[in-house]
Amino acid sequence: MMRRIKKLMVAAAAGILTAAVCTGCRAADRTVAEPDFANSRSLDSAADPAAESWSGIKKTGSMELLYADQFSVDFYDGGYAMITIRDSGRYLVVPEGKTEPSGLPGGVVVLKQPLEHIYLAATSAMDLFCSLDGMDRITLSGTDASGWYIEEARSALEDGRMLYAGKYNAPDYERILSGSCDLAIESTMIYHSPEVKEQLEKLGIPVLVERSSYESHPLGRMEWLKLYAVLLGREEQGERCFAGQVKGLEPVMNQENTRKTVSFFYITSNGYVNVRKPGDYVAKMIDLAGGTYVPQGLTEHENALSTMNMQMESFYAAARNADYMIYNSTIDGELGNLSQLLDKSSLLADFKAVKEGNVWCTEKSLFQETMGLGDMILDIHRILTEEEPEGLRYMHRLR
């Protein structure tokens with residue numbers, strides 16, 4: 001019923017949004033009254049006296065998670081699944097053909113399958129949907145074609161199978177409504193624009209805020225595949241896909257540490273060196289690959305950020321003797337040769353890795369391709385153990 005109600009109200013809501021939302025004004029500043037779509041999400045259970053009570057639905061088990069600690073999933077009779085995302089919310093997945101139970105706890109967001117028109121503003125999730133053969137469910141993107149390094153996403157936008165619906169902080173509400181959007185997936189960046197989340201919810205569009213970027217273990221980020229598998233009703237496929245990734249890494253993770261040290265960094269526009277903190281997932285990837293991340297012992301500037309800036313002189317003192325250096329190209333672009341790196345700071349010429357030719361640069365696509373984290377671990381392992389590794393997926397050597 002809710003889907004029918006939403007479609008009937010699209011035309012009226014689009015007219016209101018043209019006058020009130022697309023001008024950029026905040027929700028609190030609007031003077032035109034809007035229909036309360038959010039409350040209408042409970043009409044199915046309120047109008048259906050036969051709706052089953054949530055208190056009478058038994059829990060049948062919980063999802064086994066090996067590395068992720070930012071979400072959990074509990075399963076219930078009838079195919080219901082309750083997703084809990086830390087510091088984000090609870091989401092009840094209602095299987096197709098089932099009704100929303102009555103008496104749900106306050107704050108639970110109801111997601112009714114099939115979810116066929118998703119607005120995806122969290123870029124890290126796209127690769128996970130690709131791995132689940134669920135790209136056709138992402139019909140609206142928060143990143144335009146030029147911003148995607150994932151070929152499937154870029155192609156879908158270019159040929160019209162997916163539409164650009166505005167950035168997370170400036171969505172095209174009319175396009176989202178006219179596209180019959182039944183779920184918006186956002187990163188925690190949405191908390192910097194709370195009025196956007198509020199407006200989407202007022203329009204009857206549930207918002208799921210994912211936290212994969214808060215996972216300290218790289219395989220924990222990848223394990224969010226299982227959460228999206230629940231949304232798509234493809235739990236077995238998600239389990240098989242994730243298990244295959246872990247199995248492919250076991251030979252590397254079971255080996256002894258190589259005792260080789262590795263720095264991972266980039267140089268900012270104002271000359272600072274941006275490094276990962278030792279507890280960050282990139283540092284963990286280096287550890288899993290058989291290396292030791294440097295610099296260690298970074299305790300200053302304690303905050304929730306996974307990176308920090310250092311003066312070049314401090315970086316020199318901490319990482320000059322690192323056996324390998326990996327330059328992070330995500331922010332200011334890939335480097336083609338060693339001269340381009342040395343142009344950023346002449347001090348780098350005195351680093352051990354530069355002198356011995358063990359400097360590498362990442363490819364730009366690394367941080368969009370979440371399922372590629374396993375391949376990145378394998379790449380790092382190969383540069384630590386092979387003289388001239390060829391065919392690496394995410395890195396190239398700077399000569």
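Atoms CG and CG, from N257 and D287 in turn, are 6.5 Å apart once rounded to the nearest 0.5 Å. To the nearest 0.5 Å, atoms NZ (K352) and OG (S263) are separated by 12.0 Å. Between the CG atom of L183 and the NZ atom of K112 there is a distance of 14.0 Å, given to the nearest 0.5 Å. From S345, atom OG reaches atom CE of M312 across 3.5 Å, with rounding to the nearest 0.5 Å. To the nearest 0.5 Å, the span separating CD1 on I85 from CD on E210 amounts to 7.5 Å.
Contact check on K98 versus E52 returns no salt bridge, with no Lys/Arg side-chain nitrogen under 4.0 Å from an Asp/Glu carboxylate oxygen. Taking 4.0 Å as the cut-off between side-chain N and carboxylate O, D280 and K277 do not count as a salt-bridged pair. A salt bridge is absent between R161 and D136; no separation between the charged side-chain nitrogens and carboxylate oxygens falls under 4.0 Å. Salt bridge present: K59 and D74 bring a charged side-chain N and a carboxylate O closer than 4.0 Å. Between D379 and R393 there is no salt bridge, since no side-chain nitrogen of the basic residue lies less than 4.0 Å from a carboxylate oxygen of the acidic one. Between K226 and E235 there is no salt bridge, since no side-chain nitrogen of the basic residue lies less than 4.0 Å from a carboxylate oxygen of the acidic one.
Smallest separation of non-hydrogen atoms from P114 and D182: O-OD2, 3.8 Å. Taking all atoms of both residues into account, the shortest heavy-atom contact from M222 to G374 is CE-N, 3.4 Å. In terms of heavy atoms, S187 sits closest to A122 at N-CB, 3.7 Å. Nearest heavy-atom pair across I138 and L120 is CG2-CB, 3.8 Å. For the residue pair G147 and Q368, the shortest heavy atom distance occurs at O-NE2, 2.9 Å.
Stacking of R221 on the aromatic ring of Y281 is recorded, both the 6.0 Å distance cut-off and the 45° axial limit being met.
The ring-ring contact (aromatic ring centres under 6.0 Å, His included) test applied to W54 returns Y76, not counting sequence neighbours. Every residue two or more places apart in sequence or in another chain that forms a salt bridge (charged side-chain N to carboxylate O under 4.0 Å, His left out) with R399 is listed here: E388. Remark: F264 pairs with no residue by the ring-ring contact (aromatic ring centres under 6.0 Å, His included) rule, at least two apart or across chains. Shown here are the salt bridge (charged side-chain N to carboxylate O under 4.0 Å, His left out) partners of R154, two or more places apart in sequence or in another chain: E151. Remark: T139 engages no residue in a side chain to side chain donor-acceptor pair (under 3.5 Å) (not counting sequence neighbours). With sequence neighbours excluded, the residues satisfying ring-ring contact (aromatic ring centres under 6.0 Å, His included) with F315 are F265, F351.
A donor-acceptor pair shorter than 3.5 Å cannot be found between the side chains of T268 and N274. A donor-acceptor contact under 3.5 angstrom links the side chains of T362 and S329, judged on distance only. Side-chain contact, S141 with W148: a donor N or O sits under 3.5 Å from an acceptor N or O. Side-chain N/O atoms of S269 and Y272 include no donor and acceptor closer than 3.5 Å. For the 3.5 Å distance criterion, the side chains of E186 and Y119 fail to qualify, holding no donor opposite an acceptor. Checked by atom type, the side-chain pair T370/D127 shows no donor-acceptor distance below 3.5 Å. No side-chain donor from either of Q70 and D87 sits under 3.5 Å from a side-chain acceptor of the other. In this structure, a donor-acceptor pair under 3.5 Å is present between the side chains of D350 and Y316.
Taking the side chain as every heavy atom from C-beta outward, H217 and L288 approach each other to under 4.5 Å. Residues I176 and L140 are in side-chain contact: their nearest non-hydrogen atoms beyond the backbone lie under 4.5 Å apart. Counting heavy atoms from C-beta on, the side chains of L65 and E223 come closer than 4.5 Å. For the pair N358 and R397, the minimum side-chain heavy-atom distance is below 4.5 Å. Between Y266 and V275 the shortest side-chain heavy-atom distance does not fall below 4.5 Å. Looking at Y173 and L203, their side chains come closer than 4.5 Å, going by heavy atoms from C-beta outward. Side-chain contact between K247 and E250 is present, with heavy atoms from C-beta onward closer than 4.5 Å.
M310 and V294 end up in different hydrophobic clusters when Ile, Leu, Val, Met, Phe, Trp and Tyr side chains are linked at under 4.5 Å.
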> Step by step, would you call I380 with M395 a side chain to side chain contact (heavy atoms under 4.5 Å, CB included)?
Replying inline: CA-CA 9 Å; I380 297 172; M395 291 192 292; 3.9 Å; yes
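When each of Y324, Y293, W360 is tested with V262 by the rule side-chain contact (heavy atoms from CB on, under 4.5 Å), just one qualifies, namely Y324. Paired with W224 under the rule ring pair (Phe, Tyr, Trp, His ring centres under 6.0 Å), one option of F71, F242, F129, Y214 passes, and it is F71.
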